[in-house]
Amino acid sequence: QVQLVESGGGLVQAGGSLRLSCAASGRTSSRYLMGWFRQAPGKERESVAAIRWGSGTTYYADFVKGRFTISRDNAKNMMYLQMNGLKPEDTAVYYCAADSSGKDWRPYAMDYWGKGTLVTVSS
């Protein structure tokens, strides 16, 4: 069992930056694929970025490439999402999640979820 807790959300103006953090506790593994997801009101949850817990290999959705950076600190069991150049359309609840099989970073594949943190970008 893995517990995930997000923090770092808030209100920011367009063009600004935020750094989200995800604290993981419980039995993590180098096999895990960890990711950030978001869900805007009235929309489906979508993948934002993911990182392999062991190798650090990263994956990004096209709409955040060049703006967001995912990272992790294995020693601290922490994952981060640095968000720069924020746009109003980035407004959503952001979730961290983990796939224990390490095979897929789409939302349906995730086994464990945090409760989310709200990011609001004003224009």
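Bear in mind the structure is a predicted one, so any value in this text is a computation, not a measurement. Each residue takes its place number in the sequence, starting with 1.
- The side-chain tip of Arg72 does not point at the ring of Tyr80 from less than 6.0 angstrom away and within 45° of straight on.
- At least one side-chain heavy atom of Arg67 sits less than 4.5 Å from a side-chain heavy atom of Lys87.
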Could you check Asp62 against Lys65 for salt bridge (charged side-chain N to carboxylate O under 4.0 Å, His left out), going step by step and ending with a plain yes or no?
CA-CA 5 Å; Asp62 287 343; Lys65 282 182 180 177; 3.2 Å; yes

Going through the checks in order, is the salt bridge (charged side-chain N to carboxylate O under 4.0 Å, His left out) test met by Arg106 and Asp99?
CA-CA 9 Å; Arg106 285 172 286 184; Asp99 167 31; over 6 Å; no

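- Ion pairing between Glu46 and Arg38 holds under the 4.0 Å rule for side-chain N and carboxylate O.
- Between the CG atom of Leu11 and the CG atom of Leu118 there is a distance of 9.0 Å, given to the nearest 0.5 Å.
- Its side chain within the 4.5 Å cluster rule, Leu86 clusters with Val2, Leu4, Val12, Leu18, Leu20, Tyr32, Met34, Trp36, Val48, Ile51, Trp53, Tyr60, Phe63, Val64, Phe68, Ile70, Met79, Leu81, Met83, Tyr94, Tyr112, Val119, Val121 among the Ile, Leu, Val, Met, Phe, Trp and Tyr residues.
- Under the 4.5 Å side-chain criterion, counting only non-hydrogen atoms from C-beta, Ser29 is not in contact with Ser100.
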For a side chain to side chain contact (heavy atoms under 4.5 Å, CB included) check, start with the C-alpha distance between Ser17 and Gln82, then their side-chain angles and the critical distance, and finish with the verdict.
CA-CA 7 Å; Ser17 299; Gln82 178 66 44; 4.0 Å; yes

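- Put simply, OG on Ser122 and CD on Gln13 are 5.0 Å apart, with the number rounded to the nearest 0.5 Å.
- Between the CZ atom in Arg19 and the OG atom in Ser7 there is a gap of 9.5 Å [rounded to 0.5 Å].
- Atom-to-atom distance recorded for Ser101:OG and Met110:CE is 7.5 Å, nearest 0.5 angstrom.
- Distance CZ/Arg31 to OG/Ser55: 13.5 Å, rounded to 0.5 Å.
- Smallest separation of non-hydrogen atoms from Ala109 and Asp104: CB-CB, 3.5 Å.
- In this structure, Ser47 contributes its side chain and Ala49 its backbone to no donor-acceptor pair below 3.5 Å.
- With hydrogens and angles ignored, the 3.5 Å screen pairs a side-chain donor or acceptor of Glu6 with a backbone N or O of Lys115.
- Under a cutoff of 6.0 Å and an axis angle of 45°, Arg45 and Trp113 form a cation-pi pair.
- No donor-acceptor pair under 3.5 Å is formed between the side chain of Ser30 and the backbone N or O of Gly54.
- Between Gly114 and Tyr95, the shortest heavy-atom contact is O-CD2, 3.5 Å.
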